[in-house]
Amino acid sequence: MTEQNLAGETTVRERGVASELFWLAPAVLSAVCLVVVYLETHPYPSFGAGLYMLIAERIAENGYALPETIPHYTDEGVPFAYPPLMFYVTAVIRELSGAGPFAISRVIPGVVTVAYLVPLYLLARDLLESRPQAAVTTLIVAVSPPVLRWHISAGGIVRAPAFLFALSGLYAGLRLYRDRDSRWAVPSLALFALTALTHPVYTVFFALSYVLLYLRFDRTAWGLKRGLIVGVGGVALAAPWWTQVMAAHGVGVFTGAAGTHGGIGGGLPTVSDFMSVDISLVEMLWQAIPLAGLFYLLRERRYFLPAWFLGVTVTLGKPRFSLLVGAFVVAVLLIEGVGGWLARGSGPAVGSRSVVTVALVVLAAVGVASGAMYVSGEVNAHSGSPSLPQFVDGTDEAAMAWVERSTAPDATFVVQGDAAEWFPQQTHRTMLVGPWGVEWKGDEPYTRQLELFRDISSCNSAQCMTATLSTAGVSPDYVYLPKGRFTVRGMEFQRTSQLAMSMHLSPRYEIVFENDGVIVFETLDDADGGGPA
């Protein structure tokens, strides 16, 4: 590799650690800034990880053996079929540190979000054979809302480590296939197993990307054999988890979950979304720039990145993966396409390291500014809703503490709004309605729970609440209602006093707890309450 790039480099591996840190620094520093902003603006984690935290509790209570079901999420609980690695890690962290679930799901994802930039940089550096392009790729991923949304938020306690393992595994795969170095087969195998034990979608991303690396750089029987060793070996290492799950719940627990959340092939609508006009200017730019890069690469007859982009978009349909590959595409477009055009028109100084450095600083400043608005919740993501909403606040925490302290252990609840996701973990009481974890029961039960949760959360009168519960055959002991602003599946609602007043006047419901943000009603028997309101 002796060809010079625009920064005047001759190889991508001949320099020392100082050079690597120089090119990696913009992304890492930007990511650290965004994590700090997130922590300062989010006293509680964004989105939900209550189910994950309850799983970790159950694992610890079970002597670190796999539980069969997780209680309190719906009347019968939900099957435990999630890849278990990070739940074990979380259980150990809780026992060793004494940190609570809110603190763990608020801090750990941000730490890993910074950490996964290192293997991403190495992958981009060697795949694109350019440190400047690797720096741009890593910086774009570090500040991009589609990636931050799923990794810095509470659910990032699982997703961010899965991303870390997958990116590390793809770097190992690149070294295995392009360098024909068999020593990278073992790290590849181990990282594939870790990914499989962490998150199923990231496992599919790993496998798909790994196959594409083989087709691009190897295509030999030697490479096929080692790829099979990685795939089969990784699945075998994960066998203590999936064999036990299948023994308890059957293979249907996995096939049923595959049909929810879009399923494989759910990316087809995402391709059409690139042409949609019902998106914001920022979203349009995030989509349009990678598309321009794809056209540039196709014109140059360079097909790997377009194939990778199309593969993850169609197969997974998750913007965070499309954006990841899109960052590689944009880096090539900016450094080779735009940078090369400027160099031809303005002289060689345009392609110098100093100019690339200035461009990185500008990109970092813009990225941090826009990213900070996003992670702080100032960006309206959907119909005026905050970009990274907190599902709970201090009034929820106080109300849930009262529930755990003042109600019977077998009491059942219906919870309106997204605080429901945290409710079972915080109270150890059963929430009768909610979709979390129900995907392991199959698409029909999941869809039924999701629709019922939305219907209940949209009720604004006692009559609606009673009729909705009665039609669904749900009879809770208590109803938990947010006051003022709250979210339903991340979408913000403004609650007036109409529902609370209606339920207060109904003979079917009686207020048993109230603070500034929450009101809890006990549901009275028909004989006491005179029938439905």
Side-chain angles (χ1 to χ4, degrees), residues 3 5-7 9 12 23 26-27 30 117 120-148 167 170 174 205 208-209 212-213 215-217 267 270-276 279-345 350-351 355-356 358-360 362-364 366-367 370-371:
E3 292 183 3
N5 55 37
L6 292 174
E9 297 176 335
V12 295
W23 293 109
S30 298
L117 297 176
L120 172 60
Y121 169 81
L122 295 175
L123 174 63
R125 182 200 66 183
D126 285 8
L127 182 63
L128 303 178
E129 300 188 5
S130 165
R131 285 186 177 87
Q133 291 181 33
V136 172
T137 300
T138 313
L139 176 58
I140 291 173
V141 173
V143 301
S144 294
V147 179
L148 289 169
L167 292 173
L170 293 184
L174 178 63
F205 166 73
L208 172 64
S209 303
L212 291 174
L213 286 174
L215 294 175
R216 168 63 180 86
F217 294 104
T270 305
V271 176
S272 64
D273 286 345
F274 276 88
M275 307 306 295
S276 172
I279 56 176
S280 68
L281 177 60
V282 173
E283 291 171 321
M284 188 179 299
L285 288 174
W286 280 116
Q287 295 178 1
I289 295 176
L291 284 178
L294 291 174
F295 284 119
Y296 170 79
L297 287 168
L298 291 173
R299 191 190 68 180
E300 297 293 315
R301 300 181 182 275
R302 296 162 63 179
Y303 300 120
F304 174 75
L305 289 179
W308 192 17
F309 182 88
L310 182 64
V312 299
T313 300
V314 171
T315 303
L316 300 174
K318 308 294 184 184
R320 56 190 180 274
F321 298 111
S322 300
L323 190 282
L324 168 69
V325 183
F328 286 78
V329 173
V330 171
V332 174
L333 175 65
L334 292 180
I335 300 297
E336 295 186 21
V338 177
W341 176 75
L342 291 174
R344 289 191 296 272
V350 175
V355 173
V356 175
V358 171
L360 278 173
V362 172
L363 283 173
V366 174
S370 60

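Predicted model, so just to flag it, every value in this text is computed and none were measured.
Contact of the Leu139 side chain with the Leu117 side chain is not registered, since no non-hydrogen atoms from C-beta on lie closer than 4.5 Å. Side-chain atoms of Tyr121 and Arg131, non-hydrogen and from C-beta on, do get closer than 4.5 Å to each other. Residues Tyr296 and Val332 have side chains in contact (heavy-atom distance under 4.5 Å, counting atoms from C-beta outward). Looking at heavy atoms from C-beta onward, Glu300 lies out of side-chain contact with Glu336 at the 4.5 angstrom threshold.
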Chi angles and distances behind the side chain to side chain contact (heavy atoms under 4.5 Å, CB included) call for Leu120, Leu324: CA-CA 9 Å; Leu120 172 60; Leu324 168 69; 3.7 Å; yes

Please test Leu127 against Trp308 for side chain to side chain contact (heavy atoms under 4.5 Å, CB included), starting from the C-alpha separation and ending with a verdict. CA-CA 12 Å; Leu127 182 63; Trp308 192 17; 4.0 Å; yes

Begin with the C-alpha distance, continue with both residues' side-chain angles, and end with the deciding distance and a verdict on side chain to side chain contact (heavy atoms under 4.5 Å, CB included) for Val312 and Phe205. CA-CA 7 Å; Val312 299; Phe205 166 73; 3.8 Å; yes

Decide side chain to side chain contact (heavy atoms under 4.5 Å, CB included) for Phe328 and Val141; before the verdict, give the C-alpha distance in whole Å, the side-chain angles of both, and the deciding distance to 0.1 Å. CA-CA 9 Å; Phe328 286 78; Val141 173; 6.0 Å; no

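Within a 6.0 Å radius of CZ in Phe295, no more than 12 heavy atoms belonging to other residues, nucleotides or ligands are found.
Taking every heavy atom of both residues into account, Ser30 and Val143 meet most closely at CB-CG1, 3.9 Å. Minimum interatomic distance between Ala27 and Ala142 (heavy atoms only, all atoms of both residues): O-CB, 3.7 Å.
Put simply, the side chain of Ser370 gets close to the backbone of Gly367: a donor and an acceptor are under 3.5 Å apart. Judged by distance alone, the side chain of Ser144 and the main-chain N or O of Val147 form no donor-acceptor pair under 3.5 Å.
The CG atom of Leu333 lies 9.5 Å from the CG atom of Leu294; values are rounded to the nearest 0.5 Å.
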